[in-house]
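In what follows, residues are counted from 1 in the order of the sequence shown.
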Amino acid sequence: QITSMEFSPRDPLLAVGFYADDEDNGLRIINTDSWQLLLNTPKLEYVNSIAWSPDGDHLAVVHAPSFQTSVLTVYNRNNWSKEFELTTNTPIRPIKIRFSPDGSRLAVYGNQENGPSIARVVLYNTTTWQVANSFDVQGGNQTYGAFGPDFSFTPDGRYLAIPGSELGAF
């Protein structure tokens, strides 16, 4: 079963997340000119969100080894090495991701594992991978649960629109 997919903005590449009951889970990168498989990361369980940076240099992937755990990994496109990794509760359990239009920030929607179930967005600076900002989303978990909402930056990257109990722009 395909769980998530996204085309690269730069190269003829397609990132595809798979989930199956056997060990055929993972992330695959496919060259869409030749349909050649370039990268296969088996046992990367339930890929539920994929995002390319606008310049195509980074690929961010959220996968959930279990319902209680999820991991965000950012791969460097040049050699597919892991450039950044965020695991559960540091500071949130990642669910959905989006790069800002200029690629300077990565927005991570998630919730807190320990304590009240509060939806939160954490913005990371993509140069340092440090937290640049974070905010709670009122009603986010009650409305969207484990799958998270779709959200979007404005074209100039100044605002992030995200639905919760009502649509908010942050």
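Ser70 contributes atom OG, which lies 6.5 Å from atom CD1 of Ile95 (distance to the nearest 0.5 angstrom). We find the CG-OG1 distance between Asp156 and Thr154 to be 4.0 Å, quoted to the nearest 0.5 Å. Residue Ile30 holds its CD1 atom at 10.0 Å from CG of Leu13, rounded to the nearest 0.5 Å. From Ile97, atom CD1 reaches atom CG of Leu59 across 7.5 Å, with rounding to the nearest 0.5 Å. Rounding to the nearest 0.5 angstrom, the gap separating the NE2 atom in His58 from the OG1 atom in Thr73 is 13.0 Å. From Asp57, atom CG reaches atom OG of Ser8 across 9.0 Å, with rounding to the nearest 0.5 Å.
The shortest distance between side-chain heavy atoms of Phe135 and Arg120 does not fall below 4.5 Å. Between Val74 and Tyr124 there is no side-chain heavy-atom pair separated by less than 4.5 Å. Leu38 places a side-chain heavy atom less than 4.5 Å from the side chain of Asn31. Side chains of Leu106 and Leu72 form a contact here, defined as non-hydrogen atoms less than 4.5 Å apart. In this structure the side chain of Tyr75 never reaches within 4.5 angstrom of the side chain of Leu39, judged on heavy atoms. In this structure, Val16 and Val47 have side chains that are not in contact, with every pair of non-hydrogen atoms separated by 4.5 Å or more. With a 4.5 Å cut-off on side-chain heavy atoms, Asp11 and Arg77 count as touching. Considering only heavy atoms from C-beta on, Pro12 comes within 4.5 Å of Asp33 through its side chain.
Residue Pro101 comes nearest to Pro54 through the heavy atom pair O-CG, 3.2 Å, listed as atom of the first residue, atom of the second, then distance. Here the closest heavy-atom approach between residue Pro9 and residue Trp52 is recorded as CD-CB, 3.5 Å. Residue Ile50 comes nearest to Glu6 through the heavy atom pair O-OE1, 2.9 Å, listed as atom of the first residue, atom of the second, then distance.
Applying side chain to side chain contact (heavy atoms under 4.5 Å, CB included) to Trp129 and the options Thr127, Val131, Thr126, Asn125 leaves one that passes, Thr126.
Thr41 places no side-chain N or O within donor-acceptor distance of the main-chain N or O of Gly26, the cut-off being under 3.5 Å. Under the 3.5 Å distance criterion, the side-chain polar atoms of Ser49 are left unmatched by any main-chain donor or acceptor of Val62. The backbone N or O of Val121 lies less than 3.5 Å from no partner atom in the side chain of Ser134, so there is not a single donor-acceptor pair.
By the 6.0 Å and 45° rule, Arg28 stacks over the aromatic ring of Phe18.
Between Phe99 and Phe153, the gap from one ring centroid to the other reaches at least 6.0 Å.
Take Trp80 and apply the ring pair (Phe, Tyr, Trp, His ring centres under 6.0 Å) test, not counting sequence neighbours, and it matches no residue.
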Passes side chain to side chain contact (heavy atoms under 4.5 Å, CB included), Asp55 versus Arg10? Steps please.
CA-CA 6 Å; Asp55 61 7; Arg10 182 181 80 189; 5.8 Å; no
